[in-house]
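Shown next, in structure tokens, is the structure this report addresses.
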Protein chains: 2
Amino acid sequence: MLSYTEENYLKALLMLGLQNEDKPEVGTNDMAAYLGVKPATATDMLKKLKEKDLVTYQKYGKILLTAIGRKKGIAVLRKHRLWETFLYEKLDFSWDEVHEVAEQLEHIQSEKLVNKLEEFLDFPEFDPHGDPIPKANGEIPIVHRILLSEMKENETCRVVAVKDTSALFLQYLERLNVTIGTKITVLEVVDFDGSLNVQIGNAPVRSVSVKFAESLFVKK
Amino acid sequence: MLSYTEENYLKALLMLGLQNEDKPEVGTNDMAAYLGVKPATATDMLKKLKEKDLVTYQKYGKILLTAIGRKKGIAVLRKHRLWETFLYEKLDFSWDEVHEVAEQLEHIQSEKLVNKLEEFLDFPEFDPHGDPIPKANGEIPIVHRILLSEMKENETCRVVAVKDTSALFLQYLERLNVTIGTKITVLEVVDFDGSLNVQIGNAPVRSVSVKFAESLFVKK
DNA sequence: TAAATTTGTTAGGTTAGTCTAACTTTAGTA
DNA sequence: TACTAAAGTTAGACTAACCTAACAAATTTA
Ligand SMILES: [Mn+2]
Ligand SMILES: [Mn+2]
Ligand SMILES: [Mn+2]
Ligand SMILES: [Mn+2]
């Protein structure tokens, strides 16, 4: 049985690994930063996780989840995203509110609960932020998506997910009427600062920053 | 902010207090037994709860929740019973399965969640075991009910709640087709051992033990 | 390649929650 | 009332998860 804390470390390792595509190795500092603890604390926990065969690593080396560690991490992520979907779909939470509560709910221990929940939600494929929900067998659907910042001039795309899930960004998106599925056309990429002139839905053309464009996942 | 553990102690104190009707005082040993810890541990925690003004007590004296402590305890109980109802009503859990999971869910921290959940469930008054669900304002509806063992010969009643919520008892009730609302007629009280000859619904007359009769709440 | 910077580890300490064993107080019984 | 049994407390110890400060290794950069 894993503790609440151990689960958080495994999920963190998984998430950080998923970010860097082909290189799922992660460093102590990244991990600590992600979890809001000090590097020393992360090192301690790493030793414990290694002892339990949940990660492989050696002093000053990179960290890699073992098959078991990865499986456990995925189970937590699955619960996280299912709960987010529940809160959003059934309890009228807004997409910037779900994360904090799901962060707690993801640790509830009950196979039956998570599977019944999934059924109750009608086997959703994506969470409110557009991220794929891992299946009961541990499979994470691969979604082909790119950042808005990677789009070229005169290309059109649809928003499929948010990379930054901070309340600040999500609330800003709401103000701009951007949700999953919104159509965006890139009219111009400004050389000076990389900002984009875009048309969002049918709204008047406007400019968005690089930071903005690097926080949205889209699909052509 | 209360820890998971502190919440469990407050709920335990509340529950034990509610059991003894007019005397809501509780002893260290009862508390420890209820929570599955040693008396020494309960004493330690008591000091902390006193420090935080959640209980009043002095060495070797009885324990009493303060107004604040009681309120916090009720909030946990409210969440517990709402979650049990959710699991039972929406996710098809059986009434002997809900408790264990609710024991974890009751600690999720989110005012909004509990109130939205209540709304989603259509403001239920009772949990799957027939126990009243505290209101958002902290009020616990008082339900007038007696034990089946207190019934006299030739009286008829309906089951309104279970006192013993162990899986063993609940599964036994299912086998006998007893649920909340089932009609029971006491035909005879056997002097020898206090057992009752009862008719449950339309089933053939059968005998139930004192232990059984003391585990069911009914209403005439 | 040597110095400077970044990254990661170790040592030692804290707090919450638990335990056992020994002790003290209170309550019940003779 | 005195004695015994039950109830409750204290002392000392342990583990998990965290920290700070000092140090060591690896990487970058000049
Ligand atoms: Mn978490
Ligand atoms: Mn999400
Ligand atoms: Mn609990
Ligand atoms: Mn219940």
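What you see below is based on every heavy atom in this structure, not just the backbone, and it leaves out hydrogens, waters and symmetry mates. Here is the naming used below: chain letters follow the sequence lines, and residue numbers restart at 1 for every chain.
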Pair A:Tyr9 + A:Tyr4: ring centers closer than 6.0 Å: no
Do B:Phe169 and B:Phe212 have ring centroids that are under 6.0 Å from one another? yes
Step-by-step side chain to side chain donor-acceptor pair (under 3.5 Å) determination, A:Asn8 to A:His107: CA-CA 9 Å; A:Asn8 279 339; A:His107 302 289; 2.9 Å; yes
Might you work through the side-chain contact (heavy atoms from CB on, under 4.5 Å) test for B:Ser215 and B:Val162, ending with a clear yes or no? CA-CA 6 Å; B:Ser215 301; B:Val162 289; over 6 Å; no
Closest approach to the side chain of B:Tyr60, judged atom by atom: which nucleotide of C:dT10, D:dA25, C:dT24 is it? C:dT24
Charged tip of A:Lys116 within 45° of B:Phe93 ring normal and under 6.0 Å: no
Given D:dT20, C:dG8, D:dT9, which nucleotide is nearest the side-chain atoms of A:Ala40? D:dT20
Return the residues of residues 1-12 of chain A meeting this criterion: a heavy atom under 4.0 Å from some atom of DNA chain D. Order them by number, or give none. A:Ser3, A:Thr5, A:Tyr9
Of all the nucleotides listed (D:dC18, D:dG8, C:dT18), which has the minimum atom distance to the side chain of A:Asp44? D:dC18
Here the distance between atom C1' of D:dT9 and atom CD1 of B:Ile63, to the nearest Å, is 12 Å
Verify salt bridge (Lys or Arg N to Asp or Glu O under 4.0 Å) between A:Arg81 and A:Glu106, making sure each step is shown before the conclusion. CA-CA 8 Å; A:Arg81 292 183 176 166; A:Glu106 71 190 2; over 6 Å; no
With sugar-phosphate meaning primed atoms plus P, OP1 and OP2, does A:Thr43 contact a base, only sugar-phosphate, or nothing at under 4.0 Å between heavy atoms? base
Round to the nearest Å and state the distance from B:Glu25 atom CD to D:dG8 atom P. 11 Å
Please report, rounded to the nearest Å, how far the C1' atom of C:dA16 is from the CD atom of B:Glu51. 15 Å
Any side-chain N or O of A:Lys59 less than 4.0 Å from the OP1 or OP2 oxygen of C:dT10? yes
Could you tell me the separation between the CD atom of A:Gln58 and the P atom of C:dT9, rounded to a whole number of Å? 11 Å
For the side chain of A:Pro39, counting heavy atoms from C-beta on, which of D:dC19, C:dT9, C:dC19 is nearest? C:dT9
Counting only heavy atoms not in A:Lys219 (residues, nucleotides, ligands), do more than 12 fall under 6.0 Å from its NZ? no
Please tell me if A:Tyr57 has a side-chain N or O lying less than 4.0 Å from either OP1 or OP2 of C:dT9. yes
Indicate the ring-plane relationship of B:Phe120 and A:Phe86, choosing parallel, tilted or perpendicular according to the 30° and 60° boundaries. perpendicular
Got a sec? Which of residues 29-38 of chain B come in under 4.0 Å of DNA chain D, heavy atoms? B:Asn29
Tell me, please, whether A:Tyr57 has A:Lys62 positioned over its six-membered ring: NZ or CZ under 6.0 Å from the ring centre and within 45 degrees of its axis? no
